[in-house]
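Owing to the predicted nature of the structure, the values given are computational and were not obtained by experimental measurement.
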Amino acid sequence: MSDKEISSHFIRTKIKKDLETGKYKTVETRFPPEPNGFLHIGHAKSICLNFGMADEFKGKCHLRMDDTNPVKEDLLFVEAIKKDVKWLGFDWKENLSFASDLYDFFYETAVNFIKKGKAYVCDLSFDQMREYRGTLTEPGKNSPYRDRTVEENLDLFEKMKKGEFEEGSKVLRLKIDMASPNLVMRDPAIYRIMKVPHYRTGDKWKVYPMYDFAQCLSDVKNGVTHSICTLEFENNRPLYDWILKESGIEAANGLPEQTEFARLNLSYTVLSKRKLIELVNKKIVEGWDDPRMPTIAGMRRRGIPPESIRNFCEKIGVAKKDSVVDAALFEHCVRDELNVNAKRRFCVLNPLKVVIENYEDDKEEIFDCLNHPGDESMGTRPVAFSKVIYIEKEDFLEDPPKKFFRLGPGREVRLRYAYIIKCVDYIKDENGEVTELRCTYDPLSRGGNAHDGRKIKGTIHWVSEKHGLDANVKIYDRLFNTENPGKGELEESLNPDSLKIIQNCKIEPSLKDAKPGERFQFERNGYFTADKDSDSDNRVFNLIITLRDQWEKISGKK
RNA sequence: UGGGGUGUCGCCAAGCGGAAAGGCACAGGGUUUUGAUCCCUGCAUGCGAAGGUUCGAAUCCUUCCACCCCAGCCA
């Protein structure tokens, strides 16, 4: 990729400047997911940004599990996250860490805050706490427990840790300013009692640190310089800075600095963890890796190449403006990648039988078909041809319009790589549905070119009845019908046709042992990959994405 | 009506005082044994609005408007 393709964004500009001015000697970033769900395309933006900046400036990027809430987190998610980051093409090397590894450090730091008179144990209930906090327009008031002595606080916090108090009865708070116009600074709670075992530390702890406390401390501890997060944490930045400064911690790389960017929103899908969990729990989709999900796992199963996700993340840019990226841009990136790398194959989705009357009954011919018409280095594969073949039902019309470049009574069409055929008759069943075509072929058109130079406008794909194999194909479409399904109930905007299963499709023999992860273009139909449930007895393909279809527009307009 | 942010083409997004990049989408046209790909062409006298400063403003100043975030012992 050449430099001119990469337009700069404000974070890259900032890092460059920080390095030039010597503010930081090195760049260390981090991607800090909470292991309470699967990663999605929105996370991919953050992953590409964080790992991307580290790579570009020869720094490091940490993968840190932000696990400070034992009731939500699970090892299952940790493993899924690691798999997804790796699949996307990033390597955290030795820099994998867990906030939970730092629990002792957090605790000691909290104790130091108490000793300095900067933190206190507060007995206010949830409701009282809310009352004392004030509102957006009115200042809060000091907690009656705010002036406990250092000794008392130390003793109480120690007892909290030992589990001597009920959950919810006490919290440890920072002593900042209850009148601050920024609610985050109104004596935020940094430790709460949770008598819940943690998936990594077991039942060692009865108190757990909260986000604001753990995030900045994890960052310094990791040696992070540029702490990149999303816009909603902008209000938390003063607290991030306050904690680091007041902690007095010396950092080899200098204190980390938080920079916020706008999270990704994509039209026609949802990216909030809550909504995604809802889709899974309500069984609207088959699971986190349902190919319709915007999760990394779903996209992987769908067949979307990781390169296209990375390219997409580069194309959308990084800024501070709330925005909704057009799903069409993502689709473009997927097609762009697949067009270059997917091998071409034949698959007839809705078979219509064609008998070539003047072709010898038992004759067979093998055609060498290009794996990629634009890239000869990808080679060829042999495809067998015979008297009876299948073509797409929609490639024949009884009464075709002038612009229909396919088959109709008396019309000619080219069978790709094979022969020119002409429809001489067709058979219908009692319902009036066309069930079989009778055609003749032009023996002098072997390979597809007419000997007399006549122009054949249409070219269609085909599969030999004798040689072809059966397959089931899952045709996926967007999960939602509305641009912003995030508003309102999910059910209201679901696309009822987001999954259609087509059975008894005909595929060419070379597709027999296609494996998940191998991606093909089924010519004229779209890009497909073998599903994880596919095997050589029961082949199942997933539609990754269709080809752009000009005909759809032309015919739709008439 | 507290504080923090953001407003440049339908959707993203460069630009940072010298005179509106690029991508997607869309619309034309060309090539084509995938109605795919590819290749041309078009697409903001305008930068949320109004004033002002300047020879010159999307870029500086003033006022206004719109939208987003914050009152979890979530992250």
Indicate, with a heavy-atom threshold strictly under 4.0 Å, whether [X] touches base, sugar-phosphate, or nothing.
X: Asn36(A); value: nothing
X: Leu172(A); value: nothing
X: Tyr417(A); value: base
X: Arg130(A); value: sugar-phosphate
X: Phe367(A); value: nothing
X: Arg406(A); value: base
X: Val324(A); value: sugar-phosphate
X: Met210(A); value: sugar-phosphate
X: Pro139(A); value: nothing
X: Thr135(A); value: base

Angle class for the [X]/[Y] ring planes (parallel below 30°, perpendicular above 60°, tilted otherwise)?
X: Phe522(A); Y: Phe520(A); answer: parallel
X: Phe38(A); Y: Phe77(A); answer: perpendicular
X: Trp462(A); Y: Phe367(A); answer: perpendicular

Could I get the full list of salt bridge (charged side-chain N to carboxylate O under 4.0 Å, His left out) partners for Lys402(A), not counting sequence neighbours? none

Residue [X], side-chain atoms from C-beta onward, closest of [options]:
X: Glu523(A); options: G4(B), G72(B), U34(B); result: U34(B)
X: Ile316(A); options: G72(B), C12(B), U34(B); result: C12(B)
X: Gln521(A); options: C12(B), U34(B), A75(B); result: U34(B)
X: Phe405(A); options: U34(B), C73(B), G35(B); result: G35(B)
X: Ala328(A); options: C69(B), A13(B), C24(B); result: C24(B)
X: Lys403(A); options: C69(B), G2(B), G35(B); result: G35(B)
X: Lys315(A); options: C73(B), G23(B), C26(B); result: G23(B)
X: Arg192(A); options: C73(B), A25(B), C70(B); result: C73(B)

Base of C73(B) and ring of Tyr191(A) stacked, centres under 5.5 Å, planes under 30°: no

Report, one pair per line, the protein and nucleotides 38-44 of chain B atoms (nitrogen or oxygen only) whose separation is under 3.5 Å.
none

Can you check whether [X] has a side-chain N or O nearer than 4.0 Å to OP1 or OP2 of [N]?
X: His332(A); N: C24(B); value: yes
X: Arg524(A); N: G35(B); value: yes
X: Thr68(A); N: A75(B); value: yes
X: Arg186(A); N: C70(B); value: no

[atom1] gap between [N] and [M], integer Å:
N: G18(B); M: C26(B); atom1: P; answer: 36 Å
N: G15(B); M: U6(B); atom1: P; answer: 15 Å
N: G51(B); M: A71(B); atom1: P; answer: 40 Å
N: C67(B); M: G35(B); atom1: C1'; answer: 43 Å
N: G48(B); M: U41(B); atom1: C1'; answer: 32 Å
N: C43(B); M: C24(B); atom1: C1'; answer: 13 Å
N: A14(B); M: C47(B); atom1: C1'; answer: 12 Å
N: C9(B); M: U63(B); atom1: C1'; answer: 27 Å

Taking only residues two or more places apart in sequence, or in another chain, which ones meet Lys14(A) in a side chain to side chain donor-acceptor pair (under 3.5 Å)? Asp18(A), Glu257(A)

Where Ser227(A) and Asp219(A) come nearest, the two heavy atoms and their spacing: OG-OD2, 2.7 Å

If you compare all heavy atoms of Phe106(A) against all heavy atoms of Pro209(A), which two are closest, and at what distance to 0.1 Å? CD1-CG, 3.7 Å

Let me spell it out: for each of Ser445(A) and Pro32(A), pick the nucleotide of RNA chain B with the closest heavy atom. Which residue's pick is nearer the 5' end? Ser445(A)

If you pin Leu183(A) and Asp212(A) to their nearest nucleotides in RNA chain B, which one's is more 5'? Leu183(A)

Using Watson-Crick or G-U wobble geometry with both distances under 3.5 Å, which nucleotide pairs with C55(B)? G18(B)

Whole angstrom is fine here: how far is it from [atom1] in [X] over to [atom2] in [N]?
X: Asn235(A); N: G2(B); atom1: CG; atom2: P; value: 15 Å
X: Tyr211(A); N: G72(B); atom1: OH; atom2: C1'; value: 14 Å
X: Asn265(A); N: C67(B); atom1: CG; atom2: P; value: 17 Å

Aromatic ring proximity Tyr441(A)/Tyr419(A), centre distance under 6.0 Å: yes

What one-letter contact string describes nucleotides 5-10 of chain B from 5' to 3', where B marks a base within less than 4.0 Å of any protein heavy atom, S marks contact via sugar-phosphate atoms alone, and - marks no contact? SSSS--

On the side chain of Asn182(A), is there an atom forming a donor-acceptor pair with the base of G2(B) - under 3.5 Å, no angle test? no

Is there a donor N/O on one and an acceptor N/O on the other, under 3.5 Å, for the side chain of Asn69(A) and the base of C74(B)? no

Ring pair (Phe, Tyr, Trp, His ring centres under 6.0 Å) against Phe396(A), all qualifying residues, sequence neighbours excluded: Tyr426(A)

Is the count of non-hydrogen atoms from other residues, nucleotides or ligands lying under 6.0 Å from Lys273(A) atom NZ greater than 12? yes

May I ask you to check whether over 12 heavy atoms, not counting those of Lys17(A), lie within 6.0 Å of atom NZ? no

Classify the glycosidic conformation of G72(B) as syn or anti, calling it syn when the angle lies within 90° of 0. syn

Under 3.5 Å, is there a donor-acceptor pair between the side chain of Arg335(A) and the main chain of Gly526(A)? no

Hits for side chain to side chain contact (heavy atoms under 4.5 Å, CB included) against Val318(A), two or more places apart or cross-chain, chain-then-number order -> His9(A), Phe10(A), Ile11(A), Leu49(A), Phe261(A)

